[in-house]
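First up is the structure itself, then whatever we jot down about it.
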Amino acid sequence: MGKDSCRMEGWLYLIRSNRFGLQYSRKRYFVLHDLLLKNYKSNPVSNNQDPVRSAVIDSCIRVTDNGRESIQRKVVFIFTLYNASNHNDQLKLGANSPEEAARWIHALQEAALMADMNKRSAADCPMRDSQSLRLNCSNKSHHLNSIDWTFCSSSVADGTTSDVVAPASWTIFGCQNGLRLFKEAKDKESHGKWDDHPAIMAVGVVDGTSEAIFQTLMSLGPSRSEWDFCHYKGSVIEHLDGHTDIVHKLLRRDWLPWSMKKRDLLLRRYWRREDDGTYVILYHSVFHQKCPCQKGYVRACLKSGGYVISPVNQRKQSVVKHMLAIDWRFWKSYLRTSSSRYITIHMLGRLAALRELFIAKLGDCSSSYFLEEKVRDKRLHQIEEVKVEIQTRPENGKNMADMEDEEVPKAPSEHSSLIGLNDASDEFFDVSEPLDYDESENGWPDDIGPEMHSQDTRHARLSSAAGFVKKLHDLAVHKRGYVDLHEMAKEDTLLRHYGSTLPKDPTFNFPCSWAQTDPSTFLIRGETYLEDSKKIKAKGTLMQMVAADWLKSDKREDDLGGRPGGIVQKYAAKGGPEFFFIVNIQVPGSTTYNIVLYYMMDTPLENAPLLESFVKGDDAYRNSRFKLIPYISKGPWIVKQSVGKKACLVGQALEINYFWGKNYLELDIDVGSSTVARGVVSLVVGYLSNLVIEMAFLVQANTPEELPEYLFGTCRLNHLDVSKAVQVKP
């Protein structure tokens with residue numbers, strides 16, 4: 001695909017729902033060219049051939065990655081186009097592979113980036129003459145300074161893997177079977193001692209593409225026994241969304257010590273693909289009422305684990321990191337440390353077996369044996385996915401039987417919307433992770449294993465916080481089948497003043513507090529970034545963080561800066577020069593949690609031209625510039641890996657609602673607007689009280705005149721506690 005022409009074409013699946021709410025697909029040939037997405041029943045023989053349907057791509061079109069779904073016994077990778085001003089106006093498409101889906105997502109995003117720049121010339125295109133499935137665009141995005149798409153996401157993408165200066169979190173302790181072995185770095189007080197259930201990581205190079213390795217690791221079929229000597233049988237218990245499911249794995253007995261009974265694992269599996277082709281697969285143990293402990297097995301507890309598959313050597317090879325931290329549930333305390341470490345290291349040896357599998361395939365790539373195995377495994381994997389295939393219903397109750405036949409001409413208004421996929425019901429909750437594990441206190445007997453408590457369940461949609469799980473002390477099960485966040489909220493504190501509910505602690509010693517992070521922790525674009533792509537340490541911040549709120553409510557809380565009695569309105573009443581920048585991060589669910597950060601500057605906005613352009617620009621411009629750099633400085637590996645340390649344009653991934661007043665601009669970030677983000681937050685919330693979260697906010701600089709970048713603020717959140725979130729008055 002050329003950058004100037006922005007052309008992409010190929011076969012995709014058009015995903016729809018019938019009158020019964022069941023999803024079905026139609027294979028169509030799509031062509032993206034000149035901001036027009038065309039749909040054909042076959043490969044067009046000429047550029048003048050009329051499409052069956054078409055859709056206009058402009059600056060208010062967004063693309064979301066919906067992950068894997070099983071449609072008509074076929075596993076496809078789904079992505080959805082939708083209108084930011086009308087979410088009912090959407091188009092759901094599927095690709096055969098995650099790489100193909102990623103290429104289409106990238107192409108469509110670049111088309112949206114170019115749309116505003118080309119809007120005058122696009123008006124002359126014959127778009128209105130086509131049979132249109134039109135994604136209507138509101139005029140609010142067509143302001144004079146709408147979107148400054150001066151950067152190209154492909155050519156000027158940041159090459160660094162981290163925008164945070166952080167100490168090494170792993171130390172090497174050995175090498176085995178060609179794999180480097182690392183243990184998680186600890187504080188000096190530990191004196192190099194091993195934990196009872198240590199986090200250990202194996203790193204090796206595999207001769208295969210990251211996509212091929214990802215597909216191999218995700219498979220639970222019989223072909224897994226070709227490399228995974230620990231695996232006996234696996235199944236998907238429940239499919240939560242395109243990036244998350246619950247899987248059950250039975251482990252073989254022959255690789256375990258002779259005195260040890262068989263083990264199994266019930267895991268929540270989450271995956272995502274990074275822009276550079278890196279795949280991340282994360283696991284942690286859960287309880288699920290549909291999969292109680294089986295006779296003859298002891299259920300081990302995977303505290304955190306997974307794979308990171310990064311392409312190298314022009315994507316011909318991949319560096320694979322495999323990490324595990326497992327409590328094997330030994331009943332004798334003196335067996336814990338040494339035996340757990342030995343078994344975990346043995347299990348990590350699967351990575352060497354995976355490497356040898358790909359070497360064998362590479363050496364005999366023409367062999368029909370491997371081709372047959374690949375086809376067989378793919379069929380079995382699809383059958384396995386069909387077992388948990390989601391059946392959906394149209395959200396607006398429309399009769400969609402007429403979608404079965406595309407030959408019938410339809411008016412553009414009839415094609416304005418495609419009904420999306422409802423969220424799956426969820427019946428699991430996270431295993432608690434006590435800091436000081438005590439078998440007698442947690443009720444774990446000897447190798448017989450834990451018993452499942454009876455659970456009264458009621459199905460609920462994932463969008464109602466089914467994805468947001470957390471730590472519990474009593475392992476109680478909520479009536480919906482999972483434990484919601486408000487179960488931990490034992491104190492019903494009422495809100496008094498906005499901007500005063502979360503205390504400040506510059507010493508970093510007290511839990512559930514905030515402070516400012518050292519700006520030099522973060523890397524930003526330097527003055528010559530457009531020439532050499534070099535980043536520099538930030539030297540300071542434009543604003544000072546002056547307050548924070550940690551709130552809960554039974555509904556979404558917007559525009560907190562405009563509410564009377566808060567810190568913003570108090571300064572507004574004085575009529576001073578102070579200007580506030582408010583970041584309101586909203587975690588939706590049956591109980592909505594808000595972390596609100598208040599930044600203030602006492603100098604005129606004119607002194608910071610880039611920030612002034614951001615404040616006075618429209619929503620589309622702001623979405624193209626607002627950038628967040630996240631960093632989990634303390635916490636489990638699984639959370640650190642899920643969050644990452646790379647800057648991201650928040651408005652391109654999540655919905656942001658902007659509110660402004662005389663002396664403030666507020667950004668309300670809806671975390672629930674993205675499937676990928678929901679998966680990340682579900683992990684973060686589950687370990688929230690054990691985390692130190694650091695963030696930096698800035699406006700992205702795209703031109704030489706705007707460089708170098710500067711941070712407008714940083715923050716550090718110490719061990720937040722959901723029980724201390726303050727209730728917003730109704």
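- Residues Thr714 and Ala696 come closest through the heavy atom pair CG2-CB, 4.1 Å.
- For the residue pair Ser633 and Glu694, the shortest heavy atom distance occurs at OG-OE2, 2.9 Å.
- No donor-acceptor distance shorter than 3.5 angstrom exists from the side chain of Asn663 to the backbone of Gly576, with no hydrogens or angles considered.
- Using the six-membered ring where Trp is involved, Phe697 and Phe712 have ring planes that are parallel, under 30° apart on the 30 and 60° scheme.
- Exactly one residue among Ile632, Ile629, Leu523 makes a side chain to side chain contact (heavy atoms under 4.5 Å, CB included) with Val164. That residue is Ile629.
- A donor atom on one side chain and an acceptor atom on the other are found under 3.5 Å apart for Gln586 and Asp558.
- A donor-acceptor contact shorter than 3.5 Å links the side chain of Thr501 to the backbone of Trp550.
- Listed for the Trp514 side chain is no donor-acceptor partner under 3.5 Å among the backbone atoms of Asp549.
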For the pair Tyr658 and Asp618, evaluate side-chain hydrogen bond (donor to acceptor under 3.5 Å, both in side chains) and give the outcome as yes or no after the intermediate values.
CA-CA 9 Å; Tyr658 298 90; Asp618 61 18; over 6 Å; no
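- Taking CZ of Arg716 as the start and OH of Tyr631 as the end, the distance is 9.0 Å to the nearest 0.5 Å.
- With rounding to the nearest 0.5 Å, the separation of CG in Leu654 from CG in Asp668 is 12.5 Å.
- Taking the side chain to side chain donor-acceptor pair (under 3.5 Å) definition, one finds that Thr80 meets it with Asn66, sequence neighbours left out.
- With hydrogens and angles disregarded, no donor-acceptor distance shorter than 3.5 Å links the side chain of Thr244 to the backbone of Asp241.
- With hydrogens and angles disregarded, no donor-acceptor distance shorter than 3.5 Å links the side chain of Glu612 to the backbone of Asn607.
- Counting heavy atoms from C-beta outward, Arg62 and Asn623 have side chains that approach closer than 4.5 Å.
- Under 4.0 Å is where a charged nitrogen must lie from a carboxylate oxygen, and between Glu69 and Lys92 no such pair does.
- Between the side chain of Tyr599 and the backbone N or O of Phe579, no donor-acceptor pair lies under 3.5 Å.
- Using bins of under 30°, 30° to 60° and over 60° for the plane-to-plane angle, the ring pair Trp104/Phe30 lands in the perpendicular bin.
- No more than 12 heavy atoms of other residues, nucleotides or ligands shown are found within 6.0 angstrom of CG on Asp275.
- Within the 4.5 Å cutoff, side-chain heavy atoms of Asp163 are placed close to those of Lys535.
- Listed by chain and number, the residues in a salt bridge (Lys or Arg N to Asp or Glu O under 4.0 Å) with Lys574 amount to none (sequence neighbours excluded).
- Within the 4.5 Å cutoff, no side-chain heavy atoms of Arg622 are placed close to those of Ile656.
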Trace of the side-chain hydrogen bond (donor to acceptor under 3.5 Å, both in side chains) decision for Ser689 with Asp721:
CA-CA 5 Å; Ser689 61; Asp721 187 346; over 6 Å; no
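- Shown here are the ring-ring contact (aromatic ring centres under 6.0 Å, His included) partners of Tyr270, two or more places apart in sequence or in another chain: there are none.
- Between Asp65 and His243, the closest side-chain pair of non-hydrogen atoms falls below 4.5 Å.
- Annotation: salt bridge (Lys or Arg N to Asp or Glu O under 4.0 Å) contacts of Glu578 (sequence neighbours excluded): none.
- A donor-acceptor pair under 3.5 Å is absent between the side-chain atoms of Arg525 and the main chain of Leu530, judged by distance alone.
- For the atom pair CD of Gln90 and OG1 of Thr64, the computed distance is 8.0 Å after rounding to the nearest 0.5 Å.
- Look at Glu709 and Lys627 and you find a salt bridge, because one of the NZ, NE, NH1 or NH2 atoms lies within 4.0 Å of a carboxylate O, short of that distance.
- When all heavy atoms of Leu560 and Glu666 are compared, the pair lying nearest together is N-OE1, 2.8 Å.
- Among all heavy-atom pairs drawn from Ser642 and Val639, the shortest one is OG-O, 2.8 Å.
- Panel note: side chain Asp505, backbone Phe510; a donor-acceptor pair is recorded below 3.5 Å.
- Side-chain atoms of Asp276 come within 3.5 Å of backbone atoms of Thr278 as a donor-acceptor pair (strictly under, hydrogens ignored).
- The distance from the CG atom of Leu91 to the CG atom of Leu81 is 5.5 Å, given to the nearest 0.5 Å.
- Within the model, atoms SG of Cys648 and CZ of Phe626 stand 9.0 Å from one another, a figure rounded to the nearest 0.5 Å.
- Considering Tyr598, Tyr571, Trp660, Tyr498 in turn, Tyr571 is the only one that fulfils the ring-ring contact (aromatic ring centres under 6.0 Å, His included) rule with Phe580.
- In this structure, the side chains of Leu597 and Ile582 stay at 4.5 Å or more apart for every pair of heavy atoms.
- The closest donor-acceptor contact from the side chain of Arg625 to the backbone of Gln700 lies under 3.5 Å.
- Shown here for Gly526 and Pro708, the closest heavy-atom pair between the two residues is C-CB, 3.9 Å.
- In this structure, the side chains of Ile595 and Ile693 stay at 4.5 Å or more apart for every pair of heavy atoms.
- Applying the salt bridge (Lys or Arg N to Asp or Glu O under 4.0 Å) test to Asp554 and every residue at least two apart in sequence or in another chain returns nothing.
- Closest heavy-atom contact between Ser673 and Asp670: OG-O, 2.7 Å.
- Counting only heavy atoms from C-beta outward, the side chains of Val583 and Met695 never approach each other to under 4.5 Å.
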Verdict with reasoning, Ile524 to Leu711, per side-chain contact (heavy atoms from CB on, under 4.5 Å):
CA-CA 8 Å; Ile524 57 177; Leu711 302 178; 3.7 Å; yes
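- Legend: residues meeting side chain to side chain donor-acceptor pair (under 3.5 Å) with Tyr664, ordered by chain and number and at least two apart, are Asp559.
- Inter-residue side-chain proximity for Leu610 and Tyr710 is flagged as met; some heavy-atom pair is nearer than 4.5 Å.
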